[in-house]
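Data block below; observations after.
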Protein chains: 2
Amino acid sequence: MYVDLGNILETTPGVTPDILDRLDSRVATAHDRIQTGMENEEHGYAALNLPETVDTDEIKTAVDRFDDPESIITVGIGGSALGAATIDAALSTPDHADTYYLDNVDPEAINALLETIDLEDTVVNVVSRSGTTAETLANFLVVQEAMADADVEWSDRTVVTTGDEGNLRDLADAHDLPVLRVPDGVPGRFSALSTVGLAVAALQGYDLDAIVEGAASEADKLSGSLYDSPAYAYGAATYALAERGALTNALMPYSEDLEYFAEWFAQLWAESLGKDGVGQTPARALGATDQHSQLQLYRAGPRDKVVTLVRPRNRRDRQIPETDLDGLSYLGGSSLGELLAAEFEATEASLAAAGRPNIRIEIDRVDERGIGELLYGMEAACIMYGELANVSTFTQPAVEWGKRAARGLLGGGEFEEAAAVADKRELLIE
Amino acid sequence: MYVDLGNILETTPGVTPDILDRLDSRVATAHDRIQTGMENEEHGYAALNLPETVDTDEIKTAVDRFDDPESIITVGIGGSALGAATIDAALSTPDHADTYYLDNVDPEAINALLETIDLEDTVVNVVSRSGTTAETLANFLVVQEAMADADVEWSDRTVVTTGDEGNLRDLADAHDLPVLRVPDGVPGRFSALSTVGLAVAALQGYDLDAIVEGAASEADKLSGSLYDSPAYAYGAATYALAERGALTNALMPYSEDLEYFAEWFAQLWAESLGKDGVGQTPARALGATDQHSQLQLYRAGPRDKVVTLVRPRNRRDRQIPETDLDGLSYLGGSSLGELLAAEFEATEASLAAAGRPNIRIEIDRVDERGIGELLYGMEAACIMYGELANVSTFTQPAVEWGKRAARGLLGGGEFEEAAAVADKRELLIE
């Protein structure tokens with residue numbers, strides 16, 4: 001992973017080389033804290049050890065019995081789906097299985113999927129650490145029923161990723177399902193490089209070891225200075241910009257294969273750093289498309305943003321045919337890749353010329369190694385930001401209220417939060 | 001469209017009934033301005049006349065010759081793709097054609113599509129008002145070439161939507177292609193209810209007249225008071241909240257069919273309102289999924305947001321099977337729709353309990369009429385916001401710099417912006 005901070009040095013908000021130098025001593029202290037956490041396998045920090053601790057053979061073996069399925073349905077929500085989806089979206093080609101993520105409880109979407117998919121040739125990958133996540137278990141019950149209706153033996157087509165106990169563990173034991181263990185100390189949004197994120201990759205036959213090697217190469221670069229570690233450079237720079245008013249971080253990959261990566265990043269950033277009244281709001285964008293949608297705002301709206309532009313340095317290209325269309329002859333002889341590169345650099349310079357901070361992140365290629373670098377790098381960046389901002393990076397206390405309310409509303413117990421829902425103040429315009 | 005402002009009255013930022021009452025006199029003035037613009041068919045305001053001016057028969061006739069295609073590729077970017085995609089995503093069922101949008105110039109994505117699609121049974125819908133949009137014309141040249149390579153006569157499979165002159169108009173004339181005219185005075189991001197947004201809907205056989213009727217019903221509600229017009233209520237409330245610090249507007253539909261609607265809204269809001277150092281940043285979310293991703297931030301992060309929750313009041317449902325799984329018996333007997341409704345209301349109440357402003361938008365159903373209401377309503381809301389904020393709602397001057405730079409980089413002329421790209425300051429960490 002390559003991080004270029006050149007375009008945050010003469011912008012508003014922005015930082016000076018002096019500010020970065022002063023921040024670097026805090027990076028050193030934070031790095032010590034992170035290293036201690038890693039050494040002691042502390043909750044959250046343990047995720048940074050995954051390149052060493054993950055057992056790729058175990059994952060490959062667990063899914064061995066499924067022979068080249070046509071479709072893979074992952075039943076999981078939040079971190080239980082996003083890491084797997086991000087890796088698969090980055091690496092999938094038309095030859096691979098179609099993948100679906102039941103990460104919502106929209107009945108119309110689920111009906112549409114179950115009406116069209118051939119369940120006989122589908123693998124169901126169900127993921128919940130606790131085995132009690134309401135959305136995931138509800139969806140899994142629905143899929144089981146659909147399989148029964150289609151005369152497909154669900155227990156032949158299901159792999160489970162869960163904790164040491166709970167509903168899914170019991171189910172796996174009772175039906176002799178292949179089961180993968182969610183590692184200890186790894187929060188969902190930091191689990192992409194564990195069993196949670198890699199089961200789909202194994203089913204697809206991607207090179208798990210290359211993914212892990214990419215992550216390990218980024219781990220090797222963690223050090224006591226932001227100038228030596230791309231991950232820390234990104235975490236420290238975004239923190240410093242947020243302190244100076246960049247409360248939004250627009251992540252804009254110039255690669256459709258990385259569109260899901262922006263969603264994964266949004267969870268990582270929002271849930272880890274958004275607490276105690278602080279945090280940087282992730283905005284998901286896509287280059288070049290969103291030049292025709294968001295760029296006007298990024299360049300001329302409030303000065304409350306940093307834009308992160310992400311791209312691979314190499315990709316498979318395609319020539320644009322020669323043309324005599326009026327005013328377009330310059331396109332002929334170029335390639336789509338060159339056009340996209342020109343748009344990337346033009347957008348970056350356009351923001352800089354308007355004094356708007358932006359950061360360039362590159363990987364060599366969107367392949368196994370590249371996605372491993374990117375996922376690990378952003379996780380380490382997020383943890384560094386959390387240390388510098390002094391927040392509890394690995395918790396998400398604010399979502400509990402709503403969970404209790406929803407459960408109460410559905411008759412799953414007495415919860416005072418459910419009563420509060422009925423008290424809603426109304427001012428309806430219709 | 002129903003808009004409920006109850007949950008912005010006791011929040012921070014928030015408004016009081018007094019503030020809304022005072023704002024209402026400005027709404028009346030702005031409504032007069034908007035009405036004058038509509039009557040005179042002024043640039044931008046003319047979009048609000050589309051329910052009266054659009055000719056659905058013309059659109060249906062233009063695509064008549066294409067008999068039930070397997071796939072539809074729309075070649076267009078920004079407003080030339082988003083409206084069509086939003087309507088199709090809302091209304092499509094597995095029986096309809098597969099739709100693809102070449103709204104980017106990522107060679108790997110385009111290669112993957114062209115390698116897998118059956119071009120013989122595909123309709124190409126190419127959309128550019130000027131006929132010179134670089135991305136769109138480059139993609140169209142590539143698609144033409146792929147059709148030639150596959151021995152498919154492109155001119156038998158192409159419908160064009162463009163202005164009165166330019167490359168695409170000339171091409172349509174030369175090859176006798178069906179051609180639809182982009183209406184005057186309608187900026188791309190306000191063109192969903194015109195030929196631009198409705199050509200795909202016509203190809204899919206949706207009820208265009210019901211879409212237009214939905215829009216017309218929302219138009220009928222425009223009036224001099226925010227208390228009588230859901231669209232103006234939304235525009236005025238989000239404006240008032242932005243003035244008080246809600247610089248981000250997180251739009252969170254609880255319907256997968258409306259996921260694209262959030263993208264369309266993001267362009268509408270960002271490009272129309274993000275200028276002169278002001279504007280509200282749209283953040284795209286999806287319920288219930290993003291309760292496990294963004295909600296922590298929305299509830300406990302900086303008080304710089306309003307969350308807009310969108311849902312249909314009715315939808316096709318699916319029962320959750322009965323279960324004896326530990327702690328989950330409450331789910332059995334409920335439906336996925338009930339679970340989703342409980343999560344919607346719990347999230348809304350959870351934000352309100354934390355003093356975070358949120359607005360509820362509902363439509364009766366995600367159908368032709370509903371999507372017509374929603375698109376028209378949000379356009380009118382945006383125009384109202386623009387009037388109150390005193391910005392030039394219908395222009396996007398800040399994107400021109402980057403366009404010139406990209407063109408210069410590709411050898412399409414001498415542009416000083418291209419030289420600025422080469423001057424990029426670098427601070428590379430690798």
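Chain naming here is simple, since letters A, B, ... match the order of the sequence lines and numbering starts at 1 in each.
At a threshold of 4.5 Å between non-hydrogen side-chain atoms, the residues B/Ser350 and A/Glu417 do not count as touching. With a 4.5 Å cut-off on side-chain heavy atoms, B/Asn104 and A/Leu340 count as touching. The closest side-chain heavy-atom distance from A/Leu339 to B/Leu410 is below 4.5 Å. Contact annotation: the side chain of A/Leu137 never approaches that of B/Ile320 to less than 4.5 Å [non-hydrogen atoms, C-beta and beyond]. At a threshold of 4.5 Å between non-hydrogen side-chain atoms, the residues B/Arg318 and A/Leu114 count as touching. For the pair B/Leu325/A/Thr132, no side-chain contact is recorded, criterion being any heavy-atom separation below 4.5 Å from C-beta on.
Neither the backbone nor the side chain of A/Thr93 comes within less than 4.5 Å of any heavy atom of chain B. With a threshold of 4.5 angstrom between heavy atoms, A/Leu20 approaches chain B through side-chain atoms but not through N, CA, C or O. Interface remark: A/Gln319 contributes backbone atoms only to the contact with chain B (heavy atom separation under 4.5 Å). The contact between A/Val278 and chain B is made entirely by backbone atoms, counting heavy-atom distances below 4.5 Å. The parts of B/Lys275 that come within reach of chain A are both its backbone and its side chain, each placing non-hydrogen atoms under 4.5 angstrom from that chain.
Considering all non-hydrogen atoms of both residues, A/Glu271 and B/Gln291 come closest at OE2-O, 4.3 Å. For the residue pair B/Ala342 and A/Leu409, the shortest heavy atom distance occurs at O-CD1, 3.6 Å. The two residues A/Ile429 and B/Tyr227 have their closest heavy-atom pair at CG2-O, 3.6 Å.
Residue pairs meeting the salt bridge (Lys or Arg N to Asp or Glu O under 4.0 Å) criterion with at least one partner in residues 282-300 of chain B, sequence neighbours excluded, are A/Arg284-B/Asp290, A/Asp290-B/Arg284, B/Glu263-B/Arg284.
Environment of CG in B/Asp170: crowded, with over 12 heavy atoms of neighbouring residues, nucleotides or ligands closer than 6.0 Å.
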